[in-house]
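These notes are about the structure you will find just below.
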Amino acid sequence: MSKGKFYITTPIYYPSDKLHIGHTYCTVASDAMARYKRMQGYDVMFLTGTDEHGQKIEEKAKAAGVTPKQFVDNIIEGPGGILDLWKLMNISNDRFIRTTDDYHEHAIQRIFRKLYEQGDIYKGAYKGLYCTPCESFWTESQLVDGKCPDCGREVKYAEEEAYFFRLSKYADRIMKLFEEQPDFLEPASRMNEMINNFLKPGLEDLCVSRTSFTWGVPVDFDPGHVVYVWVDALSNYITALGYENDRYDDYDKYWPADVHFVGKEIVRFHSIIWPAMLMALDLPLPKKVYGHGWLLLDGGKMSKSRGNVVDPVILAERYGVDALRFFLLRTFPFGSDGTFSNELLINTINVDLANDLGNLVSRTVSMAVKYFGGTLPETQAADPEKDGELLAMASGLRGRYEAQMEKYQFQNALEEVFRVLDRANKYIDENAPWVLAKDMEANGARLAAVMYDLLETIRICGVLLQPFMPDSCVKIFTQIGAAEELRTWDSAESFGGLPRTVTVEKGAALFPRIDLEKELEALK
Ligand code: MSP
């Protein structure tokens, strides 16, 4: 039976360049959360997509000598494009929205018209300092030495006809939302930033149309204007469910979103502008916006324009998709920035995956084969003193893990699993199966119980690792003889799911150890 619905979104990505590992980070986190909720029994809607309009894309297409649509099609659908990347990374999104999809564009026009007709959007003039070659308005404080911050040329005062959204009208309601629902925006530090930097100084109305370029959704009642890309983009979260269109019919089922995962630099759009738009449309607000941190490289945000990006495809092909997915969520606390390095990646794979997990599985399975021919005997002898701690840790694991996942603390949830795996490794040393095996007549029953406890601990950990490493967990289950029904969420609630006379099957090493020095040299 369904536990209810769970609607989770990633930002929709700009198809202006190939995506890098920073983009992959948020999508993998959303995917792990979606898989976790599905396993728990929720009816999940996991949405991602692409945000395809705007001046930047128009310019890039021009430079490439193609139309904007040809340009974005290639980055999204072409070989090695965004769709290929998500397929490679095993992303289980239920829907993919493109803001150039007809149904979305028409819905945007309806939304814009509705807000205009009810007076939340009005026509005015955009005034400011204008750089003609860059076609951009700047404020005094954005200028560098009085000149355009992008190209360094002279700016001049200019006015342009534009539509505005009455953002200022919603300032009080947004402040109230933050006060009454302190968990609306997490981590808490991001809410303080929004209050101090944007709400307290006062919200100004937002310019929501442009006339200086054409690659956008046209304002249908005023040709020449295209809708501001953020109004277009934010609305994807509801148009993808069927709001103001006939393509889908899930709005009532899934809205409001349970969580929008977004990078910290776009928190303002999601926690102030988006709620204000929804208030104006008289629609419910998302339950939560979670602003995650950035992956940094060489001291700064990894980004194409800084030229310090890491290609997820190279890493996934070298070390495996699951290892990369795991690394991203095991290493960096989701709410904070984290510094990427090849060394950190390889060490994480070696310590956690090759050693603590992979080696535990292969040792355990090998011993079960060596001492019992692969099938444990019926007769087993528990030793409460020696088994108690491991059993208690493994039995309570699911609850501790869930407590962390519910707070989007992936790193801590994985830490809980690895504490149990560490305990299991220690349990092997404490019980020294190789010593027990010397006298099978006297110790065979005890040895079988030790093997069983290890296999069952691995099974429970495997169930909980599935949202992070879906393919590797299937390999684990095959090796330890866990049938389908022993891979479910329910089955990890308590210790003892595997049949006592389980049959194991040796398999290839799950995560081969990497030679750090050699590999760092190769990656250079
Ligand atoms: N198109 C907008 C989002 C519109 S949502 C209605 C956009 N696109 S983006 O492609 O530039 O970025 C998409 C997401 O990737 C953002 O959440 C951004 O924070 C994230 N990241 C981009 N670089 C990143 C890192 N170096 N590290 C972590 N996340 C990063 O913004």
Side-chain angles (χ1 to χ4, degrees), residues 8-31 47-57 60 72 75-76 81-82 85-86 89 91 93 95-100 104 107-108 111 185 190 208 215-217 227-241 243 257 259-278 286 289-312 327-329 331-341 408 410:
I8 178 167
T9 69
T10 72
I12 48 174
Y13 297 85
Y14 290 130
S16 52
D17 291 292
K18 265 180 82 165
L19 299 189
H20 56 71
I21 205 168
H23 302 114
T24 308
Y25 178 50
C26 181
T27 315
V28 165
S30 309
D31 185 67
L47 174 70
T48 187
T50 43
D51 179 5
E52 305 181 21
H53 293 122
Q55 190 167 13
K56 196 165 134 196
I57 302 268
K60 286 215 154 200
V72 293
I75 292 194
I76 298 163
I82 295 177
L85 177 62
W86 295 157
M89 293 307 299
I91 302 303
N93 55 297
R95 206 159 278 178
F96 190 93
I97 185 169
R98 295 185 53 172
T99 56
T100 52
H104 171 80
I108 293 302
I111 289 170
L185 173 58
R190 309 238 184 268
V208 289
W215 181 238
V217 178
V227 176
Y228 175 45
V229 68
W230 274 99
V231 169
D232 174 1
L234 288 163
S235 306
N236 93 88
Y237 301 129
I238 51 177
T239 62
L241 299 179
Y243 182 75
V259 66
H260 293 310
F261 276 179
V262 304
K264 64 178 185 179
E265 85 280 23
I266 58 173
V267 160
R268 178 171 70 95
F269 296 96
H270 284 83
S271 66
I272 295 179
I273 297 174
W274 179 225
M277 282 172 60
L278 290 165
V289 174
Y290 195 98
H292 66 77
W294 287 339
L295 290 195
L296 311 175
L297 190 68
D298 304 328
K301 181 192 179 205
M302 201 184 280
S303 76
K304 184 75 187 183
S305 55
R306 290 172 51 103
N308 61 343
V309 295
V310 170
D311 184 354
F327 163 73
L328 290 172
L329 299 176
T331 314
F332 309 111
F334 195 48
S336 326
D337 291 350
T339 298
F340 176 91
S341 78
Y408 307 107
F410 302 100

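What you see below is based on every heavy atom in this structure, not just the backbone, and it leaves out hydrogens, waters and symmetry mates. Please read these numbers as outputs of a predicted model, since none were measured by experiment. Counting from 1, the numbers follow the sequence of the chain as shown. Counting starts at 1 for both ligands and their atoms, following the listed order.
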>> Which protein residues come within less than 4.0 angstrom of ligand 1, counting heavy atoms only?
In response: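 Close residues (ligand 1, cut-off 4.0 Å): Pro11, Ile12, Tyr13, Tyr14, His20, Gly22, His23, Asp51, Trp230, Ala233, Leu234, Asn236, Tyr237, Val262, Gly263, Glu265, Ile266, His270, His292, Gly293, Trp294, Leu295, Lys301, Met302.
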> Excluding sequence neighbours, so at least two apart, what forms side-chain hydrogen bond (donor to acceptor under 3.5 Å, both in side chains) with Tyr243?
Replying inline: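 By the side-chain hydrogen bond (donor to acceptor under 3.5 Å, both in side chains) rule, Tyr243 matches Lys114.
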> Which residue pairs pass the salt bridge (Lys or Arg N to Asp or Glu O under 4.0 Å) test with at least one member in residues 290-302, sequence neighbours excluded?
Replying inline: Glu265-Lys301
> When you check the side-chain N and O atoms of His104 and Thr99, is any donor under 3.5 Å from an acceptor?
Replying inline: no
>> Applying salt bridge (Lys or Arg N to Asp or Glu O under 4.0 Å), can you list everything that pairs with Asp232, at least two apart in sequence or on another chain?
In response: none
> Does Lys304 NZ have over 12 foreign heavy atoms under 6.0 Å away?
Replying inline: no
> Checking ring pair (Phe, Tyr, Trp, His ring centres under 6.0 Å) for the pair Tyr408/Tyr290: CA distance, chi angles, key distance, verdict?
Replying inline: CA-CA 9 Å; Tyr408 307 107; Tyr290 195 98; 5.6 Å; yes
